[in-house]
Each structure stands twice: as C-alpha cells, then as structure tokens.
2 protein chains.
Amino acid sequence: MALQHAVLATLLDHEYSGYQLAKIFDIGVANFWHALPQQLYAELGKLEQAGLIRGRRVIQHDRPNKRVYTVTELGMAELERFTAAEAKPSFFRDDLLVKVYAADRTDAVTVMAQLTERAEQAKSKIALFDDILMRLRDGRDEQEFLRHGSRVGPYLTCLLGRSLEKEYHDWCLRCAELLGTREGVRDDA
Amino acid sequence: MALQHAVLATLLDHEYSGYQLAKIFDIGVANFWHALPQQLYAELGKLEQAGLIRGRRVIQHDRPNKRVYTVTELGMAELERFTAAEAKPSFFRDDLLVKVYAADRTDAVTVMAQLTERAEQAKSKIALFDDILMRLRDGRDEQEFLRHGSRVGPYLTCLLGRSLEKEYHDWCLRCAELLGTREGVRDDA
DNA sequence: TGAGATTAGTCAACTTTCTGACTAGGAGGT
DNA sequence: ACCTCCTAGTCAGAAAGTTGACTAATCTCA
C-alpha cells in the first residue's frame with residue numbers, strides 16, 4: 001500500500017488539508033498517483049492515528065474551517081523505510097489501449113476520434129507540466145536548478161510525467177492517422 | 001471495470017486457457033493491463049456465465065486437461081459497446097516515482113541504486129517488445145505491415161509500450177546521474 | 001523411485017478503491 | 001430572498017485487487 005507514502009511525500013513540501021490533497025491527487029498534477037477524496041480522508045485518519053502525520057485545526061472566517069497536516073519524525077522514518085524497501089512493480093492501465101488493441105475488429109472510426117481527443121488532452125497536460133516546471137524553477141536555469149536547487153524531487157517526477165505525456169500524444173496522432181489510411185483502403189474495396 | 005474487456009480483446013486473436021491468460025497478464029506482455037491468475041479465473045467464469053465467451057474442454061495427454069475460451073457474438077457486441085463508451089481516465093502508479101519525489105529528503109543513494117536497476121529492467125523490457133514487434137511483423141516492412149496487415153492493434157499497443165519504456169529508461173539514468181552529482185556536491189560541504 | 005518443476009485450476013479472507021449519497025457554511029449573482 | 005457554486009468533510013456499501021494456502025496430473029532428472 002503506497003497511497004500512504006504518496007501522501008507523506010506530498011506533505012513534505014507543504015501542510016495540506018484533505019480537501020487540498022484531494023485536488024492534487026485528483027487531477028494527477030502529482031502525476032504519479034491518483035486517489036479520490038474519500039480515500040484521502042480515510043488515509044489521513046489512519047496516518048494520524050499511527051502518528052506519522054500531525055493535524056492542526058485552522059479557523060477560517062471566509063470559508064469552513066479545515067484541518068491541515070504535517071509529517072512527523074515517525075512519518076519521516078516510515079518514508080525512509082519505504083524508500084529502502086523493494087518497490088512494487090509499477091503499472092499503467094488504460095481503457096484506450098484496450099480499444100486500440102481491438103480496433104481492427106471493432107470500430108476503427110470511433111477509436112480514431114477518441115485518439116485525437118486524447119491527443120488534445122495530452123497537449124494541455126503537457127502545457128500544465130511546463131507551467132509547473134517553470135514555477136518550480138522560479139526563474140533559474142534548469143541545469144543550475146537541478147544541480148543546486150533544494151528540492152528537485154517534484155521537478156524530476158514532473159519531467160517524467162511530461163516525457164510520457166509527450167510520447168502518448170505522438171502515439172495517439174500516429175495511430176489515428178494510420179487507422180485513417182487503413183479505413184480509406186477498406187472503403188476502396 | 002475493464003479487466004473484462006482486456007480479456008475479451010486478448011481472446012480475439014486466439015483461444016486461451018485461464019493459465020495461459022495468467023501468464024500473458026502477469027508479465028504484462030499484453031502491456032496495457034495486469035492481473036493475477038485468481039482474478040482471471042474468476043473473470044472467465046463471469047464472462048462465460050454472461051455468455052460473452054464460450055469455453056471448450058481440451059483433453060491433453062501429456063499434461064492436465066484445460067479449458068480454452070473464445071469470444072461469442074454477444075462478447076463482440078460488448079466489446080463494441082465498450083469501444084464506443086467513454087474511456088475512464090488512464091492511470092499510472094509507481095512506487096519509484098514516490099521515492100524520487102521524496103529523494104532529497106530521504107536517502108538519495110538508495111534511490112539512485114534503484115533507478116539504475118530499473119533502467120536495466122526497462123532495457124530488457126524494450127528488447128522483449130522489439131522481439132514481439134518483429135514476430136508480429138513477420139518479415140514484413142513496418143510501413144507495409146501497418147498499412148495492409150490484418151491485425152495491427154496488438155502491434156500499435158506494443159509500439160506505445162516500447163516508447164514509454166524508452167522514456168522511462170532514459171529518465172532513470174538521468175535522475176540517477178543527477179542525484180549523484182548532487183550527492184557529490186553535498187560531500188564537499 | 002522419488003524429488004522438484006510445470007501445467008492447470010480453486011477457495012477463502014482480506015485490503016484497497018470506487019460509487020453514490022449526504023451535511024454544512026459562506027460567496028456571488030439576480 | 002433564492003439559487004448555485006465552492007470549500008470542507010463524512011458514511012455506507014459494492015466492486016476490484018491482493019495474499020496465501022491448496023488440489024491434482026504429468027514431466028524431467030538423478
């Protein structure tokens with residue numbers, strides 16, 4: 001179970017409330033994990049009970065009060081234990097891939113449409129990553145920042161997210177085009 | 001739930017037994033999905049009950065008998081329905097990313113070791129993909145095969161798998177090197 | 001002849017994740 | 001005054017995925 005560790009890692013930079021975490025894990029800006037609000041609230045409860053994070057009530061006057069969390073010493077120790085432990089094999093799951101796999105037996109035209117749409121989404125995600133990367137660099141040169149910046153972890157994971165999204169984008173367009181030419185061929189027959 | 005559809009898509013090319021599917025979904029040669037044997041046997045049971053696949057007992061003399069499955073008309077209809085329906089957002093989960101995210105607060109040396117090891121794994125996975133791609137092409141030129149081959153779906157998903165693995169590989173090495181130079185910097189201090 | 005690997009499949013218990021409905025206060029517009 | 005959106009969080013139940021132990025036949029090698 002590593003949602004726990006993903007939460008701990010996120011809380012390294014900032015104190016966040018469940019609601020804020022929910023947004024981070026929802027859009028997947030964090031990019032390496034995804035979770036629903038309900039899961040996060042539950043996880044925060046368990047983490048606090050276990051003493052890995054500490055919650056603090058924040059009174060707000062313009063909106064409902066909230067509870068924000070920070071990582072404790074124990075939490076840091078747990079993160080270190082996790083880092084040293086063997087990683088579970090990563091996995092990637094995607095409906096669209098299943099559709100492409102079957103595309104020449106189902107409906108290639110529908111799949112093409114979904115591929116081009118997904119390419120668009122990938123494009124805006126790349127733009128979002130570029131935005132985040134720029135903000136993390138905060139004016140510094142990338143080489144300089146990576147060598148001497150104090151917190152490069154989030155930058156590195158963002159770089160990977162961007163690369164993968166770029167590959168995915170190009171692949172979508174290539175597939176869509178290809179399925180198009182094949183459809184064309186079939187129409188001739 | 002799309003394990004169901006991943007199974008249907010896999011059975012398009014061949015009839016397979018639960019045991020064979022388990023191996024395909026285990027190593028993730030299928031690459032777009034992963035599942036344990038227990039899940040697959042359960043899923044095959046449900047799919048057959050629902051009439052989406054049909055099982056056939058195969059008597060073997062050199063080893064235990066088995067039951068192999070093929071997609072029915074109803075199953076094809078379901079795949080088409082799935083193809084037309086909206087795709088769930090894809091996701092990618094990875095312990096190593098969580099570790100890198102936190103690396104400059106935990107143990108960069110351990111993470112570096114894991115990055116180089118993972119790079120090696122990515123390399124052999126790429127080799128495996130190249131192998132599969134070559135077998136799918138079966139001597140034909142890629143352009144030619146993609147334009148006129150009868151079954152390009154599996155080839156296309158394999159191409160994506162290869163691209164993503166390549167990016168992941170390069171990123172691992174880049175991160176490991178970078179964390180190394182930073183560690184060096186810290187040692188000087 | 002016997003041990004160990006491979007093929008083939010099953011059962012039960014558990015954890016994790018997802019679906020959907022719900023409370024509650026304040027902000028902003030009409 | 002009302003309606004809707006946003007912030008903040010909770011609860012219950014179902015589905016999906018994981019862990020671990022188990023049966024049973026056949027093949028290989030010593």
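Since the model is a prediction, treat every value here as computed from it, not as a measurement. Residue numbering restarts at 1 for every chain, and letters A, B, ... go by the order of the sequence lines. Heavy-atom basis, side chains included; hydrogens, waters and symmetry copies ignored.
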Which protein N or O atoms sit under 3.5 Å from an N or O of nucleotides 13-17 of chain C?
unit_1 : atom_1 : unit_2  : atom_2 : d
C/dT17 : OP1    : B/Arg93 : NH1    : 3.1
C/dT17 : OP2    : A/Gln39 : NE2    : 3.1
C/dT17 : O5'    : A/Gln39 : NE2    : 3.2

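- Within 6.0 Å of atom CD in B/Glu86, 12 or fewer heavy atoms from other residues, nucleotides or ligands are found, so the atom counts as exposed in its surroundings.
- Contact annotation: B/Ser17 reaches the phosphate of C/dG9 (side-chain N/O to OP1 or OP2, under 4.0 Å).
- Phosphate contact (OP1/OP2 of D/dT10, side-chain N/O of A/Tyr41, threshold under 4.0 Å): absent.
- Once rounded to the nearest 0.5 Å, the distance linking CD of B/Glu165 with NZ of B/Lys125 reads 5.0 Å.
- Straight-line distance from the NZ atom of B/Lys66 to the P atom of C/dG9: 8 Å, rounded to whole Å.
- At distances below 3.5 Å, at least one donor-acceptor pair connects side-chain atoms of A/Arg93 with backbone N or O atoms of B/His34.
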For A/Leu115 and A/Leu179, run side chain to side chain contact (heavy atoms under 4.5 Å, CB included): C-alpha distance rounded to whole Å, both residues' side-chain angles, the deciding distance at 0.1 Å, then the answer. CA-CA 10 Å; A/Leu115 282 164; A/Leu179 290 174; 4.0 Å; yes

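- We find that B/Arg81 and B/Glu78 are joined by a salt bridge, their nearest charged nitrogen and carboxylate oxygen being less than 4.0 Å apart.
- For the pair A/Tyr19 and D/dT7, the criterion of a side-chain N or O lying under 4.0 Å from OP1 or OP2 is met.
- Both B/Gln38 and A/Arg67 lie close to DNA chain D; mapped to their nearest nucleotides by heavy-atom distance, the more 5′-ward contact belongs to A/Arg67.
- Between B/Phe145 and B/Tyr155, the ring center distance clears the sub-6.0 Å criterion.
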So which protein N/O to nucleotides 28-30 of chain D N/O distances come out below 3.5 Å?
none

Distances under 3.5 Å between nitrogen or oxygen atoms of protein and nucleotides 26-30 of chain C:
unit_1 : atom_1 : unit_2  : atom_2 : d
C/dG26 : O3'    : A/Asp62 : O      : 3.0

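- Relative to the six-membered ring of B/Phe82, A/Lys99 meets both conditions, a distance below 6.0 Å and an angle of at most 45° to the axis.
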Should A/Arg118 and A/Gln121 be marked as a side chain to side chain contact (heavy atoms under 4.5 Å, CB included) after you check the CA-CA gap, both sets of side-chain angles, and the distance that decides it? CA-CA 5 Å; A/Arg118 181 65 79 85; A/Gln121 288 168 19; 3.5 Å; yes

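- Geometrically, A/Arg151 engages B/Tyr101 in a cation-pi contact, judged by NZ or CZ lying under 6.0 Å from the ring centre and within 45° of the ring axis.
- Taking the side chain as every heavy atom from C-beta outward, A/Phe91 and B/Phe92 never approach each other to under 4.5 Å.
- Nucleic acid contact class of A/Gln60 (heavy atoms, under 4.0 Å, all strands): sugar-phosphate only.
- For the pair A/Lys23 and D/dA8, the criterion of a side-chain N or O lying under 4.0 Å from OP1 or OP2 is not met.
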